[in-house]
Amino acid sequence: MTGRLDRWERLLERQLAAAPYVLLGTSAVLSTLVDGTSWVMLALVALAAAWIWLVPRGVVYVAGLVALIGALCTQGLWFASFFGFAGYLHSWQYLKGKWRFAGVAATAAISVVTYNGGLPDATPTGILTFLFFTAAIVGLVGLFSFVGEITAERSAERKRMVAQLEAAMKENAGLHAQLLVQAREAGVLDERQRMAAEIHDTLAQGLTGIITQLQAAHRTEEWRRHVDNAIRLARESLAEARRSVHAVGPGQLEAAPLPDALAEVVARWGELNGVRADLTITGTVRPMHPEVEETLLRTAQEALANAAKHAGASRVGLTLSYMEDVVTLDVRDDGAGFDPERVSGGGGFGLTSMRKRVSRVAGTLEIESEPGLGTAISASVPAVARG
């Protein structure tokens with residue numbers, strides 16, 4: 001639709017540019033056919049055509065055009081009937097303010113005098129008649145020109161709006177492409193971070209447990225039990241790694257509710273590491289959103305893995321508390337402890353992974369520890385019910 005309107009506007013502009021020549025030629029042909037050929041008339045027609053073609057648009061141009069219309073009207077009535085419209089059009093188009101009405105009024109006065117066959121009679125009736133027709137022509141030309149001016153302004157406004165819209169669309173297209181690139185990069189980074197966390201929580205911990213069991217097998221005669229434990233850990237780690245690749249939650253949560261899954265994790269950890277580990281459940285147990293339960297389970301696994309690798313604890317206690325708005329998991333050990341500020345400043349991947357997991361579900365993670373006084377880790381997440 002916009003392209004068709006633009007074509008119509010360009011066609012109208014070409015027609016308006018050719019209109020003075022068409023009106024001049026029509027007047028000259030009709031005058032020649034009716035009144036005969038006159039060298040003065042032909043010279044004035046050539047001068048008028050050259051004037052329209054060569055003279056820059058402005059006050060001088062309009063004044064000369066009106067004077068040429070007056071001179072041509074002395075050669076025939078047809079110039080007032082046709083070529084006179086060029087005076088109306090260009091007076092309104094190329095003059096400003098009151099000068100527009102001056103140019104239109106001069107052209108109208110020339111046309112009325114031509115139609116009247118000369119100057120009006122010096123009587124009130126003749127003068128009033130002359131003034132009436134001149135004013136009527138000026139009023140009609142001004143009315144139609146004003147309507148055309150409004151239409152032109154509307155068209156110009158539409159063009160400006162279309163140009164602004166096209167510029168905005170180009171800018172939006174650039175922003176959209178930039179956002180797509182950023183979203184793709186963010187998605188890749190997020191997936192890398194997820195895979196890194198999953199590898200750490202599954203393969204890394206599993207391999208650590210396997211190494212621990214194999215080392216224990218060298219130091220004891222019950223080597224078969226430790227080897228069996230290592231094999232079982234390898235199989236579980238492989239299964240969890242496959243689930244992580246496909247972005248599937250932990251297998252423990254598929255087989256049992258969160259408290260039972262935690263109880264199994266705690267019992268197995270205590271058995272593998274020979275450390276007493278207790279789990280306490282408080283509050284009303286209810287199913288939570290899968291991501292919330294996975295976050296708590298992974299946090300417990302990471303805290304237990306850290307206790308096994310670094311704490312040298314003789315006892316570990318876990319408390320899972322169901323409250324109205326939040327679910328908390330507290331993990332405490334009586335091990336060696338550490339300086340949280342030193343570890344947070346250049347700490348390992350495990351604590352960072354725990355913080356990111358908990359913050360991803362709008363939760364908080366607090367760590368309290370001192371060298372020689374054990375460690376307490378508390379994860380608090382929103383109690384978002386399943387379904």
[X] vs [Y] side-chain heavy atoms within contact, under 4.5 Å:
X    : Y    : answer
L72  : F83  : yes
M288 : V361 : no
V22  : F82  : no
V384 : E291 : no
D334 : S314 : yes
V316 : L318 : yes
I52  : L68  : no
F79  : L44  : no

Salt bridge flag under 4.0 Å for residues E302 and R357
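Here E302 does not pair with R357 in a salt bridge, since their nearest N and O are not under 4.0 Å apart.
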Salt bridge or not between R276 and D278? Use side-chain N to carboxylate O under 4.0 Å.
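Salt bridge present between R276 and D278.
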For residues [X] and [Y], report the shortest heavy-atom separation together with the two atoms involved.
X    : Y    : value
S31  : G76  : OG-CA, 4.3 Å
P259 : I281 : CB-CD1, 4.0 Å
A379 : L365 : CB-CD1, 3.8 Å
S91  : V62  : OG-CG1, 3.5 Å

For the [atom1] atom of [X] and the [atom2] atom of [Y], what is their distance to the nearest 0.5 Å?
X    : Y    : atom1 : atom2 : value
S380 : M323 : OG    : CE    : 7.0 Å
R286 : L258 : CZ    : CG    : 12.0 Å
D333 : N306 : CG    : CG    : 9.5 Å
R268 : L304 : CZ    : CG    : 12.5 Å
D260 : E264 : CG    : CD    : 9.0 Å
M41  : S27  : CE    : OG    : 10.0 Å

Got more than 12 heavy atoms from elsewhere within 6.0 Å of OH, Y94?
yes
Using the rule that Ile, Leu, Val, Met, Phe, Trp and Tyr join whenever any side-chain heavy atoms are under 4.5 Å apart, tell me whether [X] and [Y] fall into a single cluster.
X    : Y    : result
W78  : L33  : no
V29  : Y21  : no
V326 : L320 : no

With distance as the sole criterion, is a donor-acceptor pair present between the side chains of S321 and T282 under 3.5 Å?
yes
Can E293 and V327 be said to form a side-chain contact (heavy atoms from CB on, under 4.5 Å), step by step?
CA-CA 9 Å; E293 293 190 344; V327 181; over 6 Å; no
Which side-chain hydrogen bond (donor to acceptor under 3.5 Å, both in side chains) pairs, counting each pair once, include a residue from residues 56-72, with sequence neighbours left out?
Y61-H90
Looking only at atom types and distance, does a side-chain atom of R332 sit under 3.5 Å from a main-chain N or O of A376, one as donor and one as acceptor?
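Side chain of R332 to backbone of A376: no pair is present.
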